[in-house]
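Since the structure comes first, as structure tokens, the remarks are kept for the end.
What you see below is based on every heavy atom in this structure, not just the backbone, and it leaves out hydrogens, waters and symmetry mates. Values in this document were obtained by computation on a predicted structure and should not be read as measured data.
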Amino acid sequence: MSMVFKALSDPTRRRVLQLLRKGPMSAGDLSDQFDVSKPTMSAHFAVLKDADLVHAEKAGKSVIYHLKLSVLEEALLGFVDSFAGSGSSAPGKERA
């Protein structure tokens, strides 16, 4: 789970994920959305792949990235569950 949060800690990577919510995009099309070098974007893509948040598919000379939303959902639910103590009541609610 820490790999996911490392990936999400950067605003550029969060924006890449937002763009991919609309559908798969090539590395070039994604890179065109940012004012950073291609090697910098490649490093961001690598972090997202290492966190298993995206899937890269080779299509000719292009790389197409797909969002793996289920991985993100699972990580976020795990994070929320880590704060929910078993048997504790919700804030502001008394136990019966």
Side-chain angles (χ1 to χ4, degrees):
M1 186 173 10
S2 64
M3 297 283 290
V4 171
F5 288 107
K6 175 187 176 192
L8 295 175
S9 70
D10 184 88
T12 299
R13 292 191 288 268
R14 290 193 304 267
R15 179 72 180 127
V16 167
L17 296 175
Q18 288 174 331
L19 291 167
L20 290 175
R21 286 185 68 201
K22 298 173 187 171
M25 292 179 72
S26 71
D29 288 342
L30 285 164
S31 295
D32 289 345
Q33 303 293 315
F34 300 92
D35 191 25
V36 297
S37 69
K38 298 235 186 246
T40 298
M41 284 307 295
S42 291
H44 285 303
F45 296 146
V47 172
L48 291 169
K49 284 191 297 188
D50 289 346
D52 204 28
L53 292 173
V54 298
H55 166 71
E57 171 187 344
K58 192 83 165 148
K61 292 184 178 183
S62 296
V63 176
I64 307 298
Y65 286 96
H66 303 259
L67 178 63
K68 294 175 79 174
L69 192 55
S70 61
V71 174
L72 181 57
E73 289 171 338
E74 188 175 309
L76 292 175
L77 287 173
F79 179 71
V80 169
D81 285 346
S82 71
F83 286 102
S86 61
S88 64
S89 58
K93 301 249 182 181
E94 294 183 31
R95 290 185 179 198

### Task
Please identify each residue that fulfils side chain to side chain donor-acceptor pair (under 3.5 Å) with Ser26, with sequence neighbours left out.
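Side chain to side chain donor-acceptor pair (under 3.5 Å) list for Ser26, sorted by chain: Asp29.
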With a cut-off of 3.5 Å and sequence neighbours excluded, list every side-chain donor-acceptor pair involving residues 47-56.
from, atom 1, to, atom 2, distance (Å)
Asp52, OD1, Lys68, NZ, 2.5
Asp52, OD2, Lys68, NZ, 3.4

### Query
Between Tyr65 and Leu20, what is the shortest heavy-atom contact and its length?
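Scanning both residues completely, I find the closest heavy atoms to be O-CD2, 3.4 Å.
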### Query
Would a hydrophobic clustering, with Ile, Leu, Val, Met, Phe, Trp and Tyr connected at side-chain separations under 4.5 Å, put Met41 with Leu19?
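Yes, same cluster.
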Result block: side-chain N/O donor-acceptor pairs under 3.5 angstrom for residues 32-40, not counting sequence neighbours:
from, atom 1, to, atom 2, distance (Å)
Ser37, OG, Thr40, N, 3.2
Ser37, OG, Thr40, OG1, 2.9

When the side chains of residues 4-17 are checked against the rest of the protein, which donor-acceptor pairs come out under 3.5 Å, sequence neighbours left out?
from, atom 1, to, atom 2, distance (Å)
Ser9, OG, Lys6, O, 2.6
Asp10, OD2, Thr12, N, 2.8
Asp10, OD2, Arg13, N, 3.2
Arg13, NE, Ala7, O, 2.9
Arg13, NH1, His44, ND1, 3.1
Arg13, NH2, Lys6, O, 3.1
Arg14, NH1, Leu8, O, 2.8
Arg14, NH1, Ser9, O, 3.3

### Lys61, NZ atom: more than 12 neighbouring heavy atoms under 6.0 Å
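For Lys61, atom NZ is not crowded (no more than 12 foreign heavy atoms under 6.0 Å).
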### Query
Atom CD of Glu57 and atom OG of Ser62: how far apart are they, to the nearest 0.5 Å?
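Result: 10.5 Å between the selected atoms.
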